[in-house]
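As structure tokens, the structure follows; a few thoughts come after it.
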Amino acid sequence: MAKQDYYATLEVARDAPAEALKKAYRKLAMKFHPDRNPGDKAAEGKFKELNEAYDVLKDDQKRAAYDRFGHAAFEGGGGAPGGFDFGGGGGLGDIFDQVFGDMMGGRRGGGRQRSGSDVRAQVELSLVEAFTGAKVPLRVPSRVQCEACAGSGSESRDRAAETCPTCQGAGKVRAQQGFFLVERACPTCGGAGRVVRNPCKVCHGAGTVQRERSLNVQVPAGVEDGTRIRLAGEGEAGGAGVPPGDLYVHVGVRAHDIFQRDGANIYCRVPMRMSQAALGAEVEVPVIDGSRTRVKIPPGTQTGEQFRLRGKGFSVLRSAARGDMYIQVAVETPQHLSRRQRELMEEFEAEADSHAKGSPESEGFFGKVRDFFDGKV
């Protein structure tokens with residue numbers, strides 16, 4: 001089955017800038033993440049496709065190769081993710097070397113694995129936790145160093161891995177394909193450049209075993225929904241002396257019942273009685289840090305008016321600064337009146353109507369209305 005175009009997978013245009021790619025990936029990754037779609041194989045497959053597409057398009061060199069060659073640029077089993085190896089800073093220069101290496105008499109670096117695989121994980125915070133920062137417990141299934149062989153992969157710790165006799169430690173072998181000479185991962189060592197003669201009975205020479213690790217992730221104050229945190233060295237163990245990969249934690253922030261966030265600013269809707277809005281009042285409102293503050297509302301305030309509280313907003317990531325808080329007034333109409341309240345409201349309405357009709361502005365208005373219904377207009 002043919003692969004879908006990477007740009008179509010991320011739902012972006014082919015000339016989309018890096019920031020647009022990142023934003024589209026975050027949105028779709030959150031939507032199709034396996035943790036949010038347990039047991040949904042279609043969502044799991046879509047999530048893998050998103051990761052594959054973003055892994056290529058976020059890298060300028062990989063993206064340039066994909067734009068030119070399409071999926072063919074990554075077929076054939078080389079480095080990441082396919083035939084052409086973009087690791088170690090080689091980039092498009094490696095493509096040139098793979099195709100014309102022997103003609104030019106040169107050879108670039110080998111294909112040994114430089115670190116273990118990276119791991120992705122997801123955490124979800126409340127808006128308050130995103131404001132204060134939080135230490136979040138996380139259980140990550142990944143490959144860890146084999147304790148039996150201390151990661152060497154060999155039964156004999158004094159004689160662990162040896163240089164691969166097929167690739168001579170390069171991790172790659174060259175093969176002729178028509179007029180072209182291409183490099184592939186060594187079939188003997190799998191690209192590691194080393195082989196284990198007496199493999200460990202626990203890990204079978206891999207140097208790693210599958211385990212579920214527990215760790216605490218410190219999420220800094222001020223994170224936004226979709227923030228990605230990198231924990232260096234907390235990914236999968238590499239085995240046979242290869243350093244571990246990294247752990248990437250994607251942060252999701254749940255919506256709050258009272259506060260709505262926009263960057264570093266926070267909006268809070270405050271309901272008010274008609275009498276408070278008309279006469280003015282001093283109301284107490286909650287603040288995201290857990291405190292409460294009093295706000296003076298002037299007489300005649302209308303629904304939708306906003307009042308700004310400086311420095312009462314959200315934390316700014318890696319800064320002591322804070323945004324602002326905006327109070328949005330919502331004047332509520334009473335639905336259940338007592339007899340006395342109804343009498344007072346009727347008196348108020350009669351007085352207001354009398355005052356309005358007596359004013360020159362309203363007399364002109366009501367006169368036009370009467371003329372219209374009398375057929376004079």
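We use all heavy atoms of the structure for the numbers below, so side chains are in, but hydrogens, waters and symmetry mates are not.
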- For the pair Ser214 and Arg139, evaluate side chain to side chain donor-acceptor pair (under 3.5 Å) and give the outcome as yes or no after the intermediate values. CA-CA 5 Å; Ser214 297; Arg139 297 182 69 85; 2.9 Å; yes

Quick one: [atom1] on [X] to [atom2] on [Y], what's the gap to the nearest 0.5 Å?
X      : Y      : atom1 : atom2 : answer
Ser126 : Asp257 : OG    : CG    : 11.0 Å
Lys135 : Gln218 : NZ    : CD    : 5.5 Å
Ser275 : Gln341 : OG    : CD    : 9.5 Å
Arg342 : His336 : CZ    : NE2   : 11.5 Å
Arg340 : Met345 : CZ    : CE    : 13.0 Å
Phe32  : Asn37  : CZ    : CG    : 7.5 Å

Mind checking whether [X] and [Y] sit in one hydrophobic cluster, side chains of I, L, V, M, F, W, Y counted as touching below 4.5 Å?
X      : Y      : value
Tyr248 : Leu50  : no
Leu231 : Val144 : no
Met274 : Met272 : yes
Val12  : Tyr54  : yes
Met325 : Ile258 : yes

Would you say [X]'s side chain and [Y]'s backbone share a donor-acceptor pair under 3.5 angstrom?
X      : Y      : answer
Asp40  : Ala43  : yes
Glu351 : Phe348 : no
Glu349 : Glu346 : no
Tyr66  : Tyr6   : yes
Ser315 : Phe131 : yes
Asp118 : Asp246 : yes
Gln276 : Arg273 : yes
Thr227 : Glu224 : yes

Are side-chain heavy atoms of [X] and [Y] found at a separation under 4.5 Å?
X      : Y      : value
Leu317 : Val223 : yes
Leu127 : Arg261 : yes
Asp55  : Lys62  : yes
His256 : Val128 : yes
Val140 : Glu236 : no
Glu234 : Leu215 : yes
Ile229 : His250 : no
Cys268 : Val270 : yes

Counting heavy atoms not belonging to [X], are there more than 12 under 6.0 Å from its [atom1]?
X      : atom1 : answer
Arg308 : CZ    : yes
Arg294 : CZ    : yes
Arg292 : CZ    : yes

Which heavy atom of [X] sits nearest a heavy atom of [Y], and at what distance?
X      : Y      : result
Val253 : Asp225 : N-OD1, 2.8 Å
Asp324 : Gly311 : OD1-N, 2.9 Å
Gln122 : Val251 : NE2-C, 4.4 Å
Arg322 : Ile288 : NH2-CG2, 3.9 Å
Pro141 : Gln210 : C-NE2, 3.8 Å
Cys167 : Val173 : CB-CG1, 4.1 Å

Listing, residues 14-31 side-chain donor-acceptor contacts under 3.5 Å, not counting sequence neighbours, or none:
| from | atom 1 | to | atom 2 | distance (Å) |
| --- | --- | --- | --- | --- |
| Arg14 | NH1 | Asp5 | OD1 | 3.0 |
| Tyr25 | OH | Asn51 | OD1 | 2.5 |
| Arg26 | NE | Gly226 | O | 2.9 |

- Audit row: Val136, Asn216, side chain to side chain contact (heavy atoms under 4.5 Å, CB included) steps and yes/no: CA-CA 5 Å; Val136 184; Asn216 292 318; over 6 Å; no

- Query: Do Cys186 and Lys172 pass the side chain to side chain contact (heavy atoms under 4.5 Å, CB included) test, and can you show the C-alpha distance, the side-chain angles, and the key distance before you say yes or no?
  - Reply: CA-CA 5 Å; Cys186 175; Lys172 292 183 178 180; 6.0 Å; no

- Would you mind telling me which of Phe314, Phe259, Tyr267 makes a ring pair (Phe, Tyr, Trp, His ring centres under 6.0 Å) with Tyr326?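 When ring pair (Phe, Tyr, Trp, His ring centres under 6.0 Å) is applied between Tyr326 and each of Phe314, Phe259, Tyr267, only Tyr267 qualifies.
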
- Task: For the pair Lys48 and Glu52, find out whether any cationic side-chain nitrogen is under 4.0 Å from an anionic carboxylate oxygen.
- Result: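 Judged by the 4.0 Å cut-off on N to carboxylate O distance, Lys48 and Glu52 do not form a salt bridge.
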
- Step-by-step side chain to side chain donor-acceptor pair (under 3.5 Å) determination, Glu49 to Thr9: CA-CA 7 Å; Glu49 291 175 4; Thr9 299; 4.9 Å; no

